[in-house]
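Take a look at the structure set out below.
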Amino acid sequence: MSGRIPQEFIEDLLVRVDIVDLIDSHVPLKKAGNSYKARCPFHAEKSPSFSVNRNKQFYHCFGCGAGGNAISFLMAFSHLDFVEAIEDLASFVGIDVPKKAAVYQGQKQDYVALYSILEQVAVFYVEQLRSHAQSEKAIEYLKRRGVSGAVAKDYSLGFAPDEWDALSSRFDKKLLLDAGMLSSTESGKSYDRFRGRLMFPIRDKRKRIVGFGGRVLDDSMPKYLNSPETAVFSKGKELYGLYELLEKESRPKRILIVEGYMDVLALAQFGINYSVAALGTATSKMHLDLLFRFTSELIFCFDGDDAGRKAAWRAVQESLSCLRDGRQVRVMLLPQGQDPDSLIRLEGVQAYEGRVFAAQALSDYFFEHIAESLDLEALEGRSQLLVLAKPDIEKIPAGYFRDMMFVRLKELSGKSDLDVLETPATLVSNKGIASKERLKLTPERVVIALLLQKPELAEIVEELEPKWNELSFLSKGLLLDILGVIERKQIKTTAVLSEEYRGTDNEKDVSWLANLEVMPRENDEFNEGDEFKGALLRVIDQGRRQYNDDLVMRRLEK
Ligand SMILES: [Zn+2]
């Protein structure tokens with residue numbers, strides 16, 4: 001729920017759109033039985049396990065677990081945020097997002113003005129690099145670092161003159177302030193934030209300039225200065241060089257994460273066009289999730305000094321929760337005293353790429369790093385290994401990779417009966433549901449899952465007329481809530497129903513259950529109605545017994 005676009009409009013939109021048409025316009029679908037299939041756009045695969053269901057208005061990938069409604073699809077496939085996805089979907093259906101959402105409209109206006117002023121400033125800086133009398137120093141610096149005119153153009157490098165009002169005398173002050181381009185004194189006077197610096201415009205993935213980085217051309221400090229956080233710029237979300245990288249290659253085989261602006265440029269100068277840099281912050285989970293939308297392999301490339309090693313370890317820990325099967329992270333620590341720029345000059349492109357290909361697998365790096373300070377010959381060392389490694393491995397999403405990390409941990413620690421934490425994701429398997437996992441299909445889960453997948457089953461609940469206030473079970477609140485929503489809004493599809501829970505505490509559970517395979521796919525004789533009714537009767541039966549037990553307990557306690 002956005003709070004900005006009326007919820008009724010979103011529901012209406014989901015009813016009007018046909019997810020099969022929508023997805024087919026991006027990924028050609030083939031009809032197969034009751035659903036439509038394709039090779040999954042979200043992970044690499046040979047045979048199609050991506051399926052779109054017209055009745056449910058839902059898509060689901062049996063390979064990587066991706067799934068959702070039309071809005072979720074656009075967010076994931078076209079890399080849009082929620083509001084952008086709604087806008088795209090509205091234009092696909094051919095309707096306008098309603099004007100009634102006044103607040104939303106107002107904010108939108110500001111964004112447009114902010115993007116526009118930042119673009120104008122970038123153009124201004126580029127002109128200054130070309131023509132300003134002071135820009136000589138910047139040109140010299142670029143020449144010294146071997147940056148060619150072509151690379152400078154690709155990355156729209158610019159120059160901020162060493163003046164207090166180069167911008168404020170030319171552009172709207174209020175907008176410059178909002179865009180983070182001015183600094184203010186305590187008395188409220190404002191002046192240009194970037195002065196006498198080489199300027200690196202930072203673009204978001206949709207090409208819009210959202211901020212700048214600036215490097216000094218003398219010995220003054222700070223050496224690098226970034227735009228502050230603004231309405232359109234968040235350092236934890238943006239990566240330098242990502243847009244330029246995607247311009248060259250929209251589905252790169254791998255992406256290199258380096259430390260700074262000049263590293264990105266130096267590598268691009270040598271034809272290595274697949275690197276990005278975090279903007280003076282640690283690599284965040286948001287950064288990694290963003291990058292994994294475009295590639296399945298990330299390589300952390302950090303300096304070999306203490307700071308670089310620390311940054312690499314932090315980045316690796318941050319990445320664990322993003323490591324679904326099919327994604328991989330590797331680590332490349334440079335020799336002491338080298339950065340990508342100096343190293344590629346020293347060794348040449350081939351040797352550098354050789355290092356990229358030979359980068360250490362995350363699993364090796366992970367155990368090596370933890371074991372560094374431990375004596376694995378001793379029991380104490382091995383138990384310490386468990387203490388340190390287990391919580392981190394548990395962050396990895398369920399799948400083969402996580403299992404294999406646990407196997408390695410068992411080998412190294414010698415503890416064979418490690419109990420591996422079960423997470424909901426463990427229950428959704430690749431090919432139907434394995435027998436052990438079927439045990440996790442409790443009647444409650446089956447009832448809610450089927451209800452989400454086929455809202456019309458709510459009729460069966462009405463027929464049975466359960467006495468809810470004489471039943472007690474764990475997910476009663478959620479079940480009643482879902483039934484209420486279906487009834488109140490006359491919901492017919494999973495897509496509309498699950499949309500009700502976006503942004504609520506129940507979002508995760510609902511989305512997991514909406515995708516839960518209650519029966520193996522191959523089973524044609526599966527009758528959802530019968531299965532639902534059976535499970536519901538069990539829930540009622542167990543719920544009644546629990547309620548009575550509770551009553552007895554309460555009486556005894558009196
Ligand atoms: Zn997939």
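Along the sequence shown, residues carry numbers from 1.
A side-chain donor-acceptor contact under 3.5 Å links Gln317 and Asp392. Under the 3.5 Å distance criterion, with hydrogens and angles disregarded, no donor-acceptor pair is assigned to the side chains of Gln57 and Asn69. In summary, the side chains of Arg54 and Tyr36 do present a donor paired with an acceptor at a separation below 3.5 Å, with no hydrogens or angles considered. Gln453 and Asn53 are not linked by any side-chain donor-acceptor pair at a separation below 3.5 angstrom, with hydrogens and angles left out of the test.
The minimum heavy-atom distance linking Leu175 with Ala113 is given by the pair CD2-CB, 3.7 Å. The minimum heavy-atom distance between Phe62 and Ser51, with the atom names listed, is CE1-CB, 3.9 Å. For the residue pair Ala449 and Leu513, the shortest heavy atom distance occurs at CB-O, 3.5 Å. Considering all non-hydrogen atoms of both residues, Ala122 and Ile209 come closest at CB-CD1, 3.2 Å. Of all heavy-atom pairs between Val331 and Ala312, the closest is CG1-CB, 4.4 Å. Minimum interatomic distance between Ala282 and Arg314 (heavy atoms only, all atoms of both residues): CB-NH2, 3.2 Å.
Between Arg330 and Glu297 there is a salt bridge, since at least one side-chain N of the basic residue sits less than 4.0 Å from a carboxylate O of the acidic one. Taking the charged nitrogens against the carboxylate oxygens, Lys37 and Glu45 have no contact shorter than 4.0 Å, which rules out a salt bridge.
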*asked:* Run His43 and Phe50 through ring pair (Phe, Tyr, Trp, His ring centres under 6.0 Å) and show every step you take.
replied: CA-CA 10 Å; His43 83 280; Phe50 179 80; 9.2 Å; no
*Step by step, work out the side chain to side chain contact (heavy atoms under 4.5 Å, CB included) result for Ser78 and Leu74.*
CA-CA 5 Å; Ser78 306; Leu74 283 177; 4.0 Å; yes
*asked:* As a quick check of understanding, evaluate side chain to side chain contact (heavy atoms under 4.5 Å, CB included) for Lys390 and Leu409, giving each step before the final call.
replied: CA-CA 8 Å; Lys390 192 163 175 271; Leu409 182 59; 4.2 Å; yes
_Run the side chain to side chain contact (heavy atoms under 4.5 Å, CB included) test on Val210 and Thr230 for me, step by step, so that the C-alpha distance in whole Å, both residues' side-chain angles and the decisive distance to 0.1 Å come before the verdict._
CA-CA 9 Å; Val210 291; Thr230 68; over 6 Å; no
_Walk me through whether Tyr243 and Asp204 qualify under side chain to side chain contact (heavy atoms under 4.5 Å, CB included)._
CA-CA 6 Å; Tyr243 167 75; Asp204 67 6; over 6 Å; no
_Derivation of the salt bridge (charged side-chain N to carboxylate O under 4.0 Å, His left out) call for Lys248 and Glu244_ = CA-CA 7 Å; Lys248 293 236 151 63; Glu244 289 82 358; over 6 Å; no
_From CA spacing to verdict: side-chain hydrogen bond (donor to acceptor under 3.5 Å, both in side chains), Gln546, Ser472_ = CA-CA 6 Å; Gln546 185 62 47; Ser472 98; 4.8 Å; no
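The closest donor-acceptor contact from the side chain of Ser284 to the backbone of His287 lies under 3.5 Å. At distances below 3.5 Å, at least one donor-acceptor pair connects side-chain atoms of Glu507 with backbone N or O atoms of Gly503. The closest donor-acceptor contact from the side chain of Glu238 to the backbone of Lys235 lies at 3.5 Å or more, if one exists at all. In this structure a side-chain-to-backbone donor-acceptor pair under 3.5 Å is missing from Arg39 to Ser49. The closest donor-acceptor contact from the side chain of Thr295 to the backbone of Pro252 lies under 3.5 Å. Counting only distance, with no hydrogens or angles, the side chain of Ser227 and the backbone of Phe212 share a donor-acceptor pair below 3.5 Å. The backbone N or O of Glu394 lies less than 3.5 Å from a partner atom in the side chain of Arg402, making a donor-acceptor pair.
Here the CG-CG distance, from Leu450 to Asp530, works out to 11.0 Å after rounding to the nearest 0.5 Å. For the atom pair CD1 (Ile393) and CG (Leu386), the distance works out to 9.0 Å, reported to the nearest 0.5 Å. In this structure, CD on Glu444 lies 8.5 Å from CG on Leu479, to the nearest 0.5 angstrom. Here the straight-line distance linking atom CG of Asn506 with atom CG of Leu478 works out to 4.5 Å at 0.5 Å rounding. The CG atom of Leu80 sits 10.5 Å away from atom CZ of Phe73, with the distance rounded to the nearest 0.5 Å. Atom CG of Leu452 is separated from atom CG of Leu516 by 10.0 Å, given to the nearest 0.5 angstrom.
Looking only at side-chain heavy atoms (C-beta outward), Val552 and Tyr547 stay at 4.5 Å or farther from each other. Side-chain contact between Leu362 and Leu320 is present, with heavy atoms from C-beta onward closer than 4.5 Å. Between Phe366 and Trp313 the shortest side-chain heavy-atom distance falls below 4.5 Å. A heavy-atom distance below 4.5 Å is found between the side chains of Leu13 and Phe9. With a 4.5 Å cut-off on side-chain heavy atoms, Ser296 and Gln328 do not count as touching. Asp325 has its side chain out of reach of Cys64: every pair of non-hydrogen atoms, C-beta onward, lies at least 4.5 Å apart. You'll find the side chain of Leu245 stays beyond 4.5 Å of the side chain of Asn273, heavy atoms only. Side-chain contact between Arg544 and Ile540 is present, with at least one heavy-atom pair separated by less than 4.5 Å.
Evaluation of the side chain to side chain donor-acceptor pair (under 3.5 Å) test over residues 478-489, restricted to residues two or more places apart or in two chains, returns Glu11-Lys489, Asp481-Tyr501, Lys489-Glu500. Listed by first and then second residue, the salt bridge (Lys or Arg N to Asp or Glu O under 4.0 Å) pairs involving residues 448-464 are Lys454-Glu528 (not counting sequence neighbours). Legend: salt bridge (Lys or Arg N to Asp or Glu O under 4.0 Å) pairs involving residues 532-542, not counting sequence neighbours, sorted by first then second residue: Asp541-Arg545.
Summarising the local packing, CG of Asp505 is surrounded by 12 or fewer heavy atoms from other residues, nucleotides or ligands at distances under 6.0 Å. Residue Lys31 qualifies as enclosed at atom NZ: its count of foreign heavy atoms under 6.0 Å is above 12. The environment of NZ in Lys237 is sparse: at most 12 heavy-atom neighbours from other residues, nucleotides or ligands sit within 6.0 Å.
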Identify every side-chain donor-acceptor pair in residues 19-30 under 3.5 Å, counting partners at least two apart or on other chains, and give the distances.
{"residue": "Asp24", "atom": "OD1", "partner": "Leu29", "partner atom": "N", "Å": "2.7"}
{"residue": "Ser25", "atom": "OG", "partner": "Leu22", "partner atom": "O", "Å": "2.6"}

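In this pair, His79 and Phe294 present their aromatic rings tilted. The plane angle is within the 30 to 60° band.
For an aromatic pair to be called close, the ring centres must be under 6.0 Å apart, and His60 with Phe58 fails this.
Residues satisfying the salt bridge (Lys or Arg N to Asp or Glu O under 4.0 Å) criterion with Arg408, sequence neighbours excluded, are Asp364. Partners of Lys207 under the salt bridge (Lys or Arg N to Asp or Glu O under 4.0 Å) rule, at least two apart in sequence or in another chain, do not exist in this structure.
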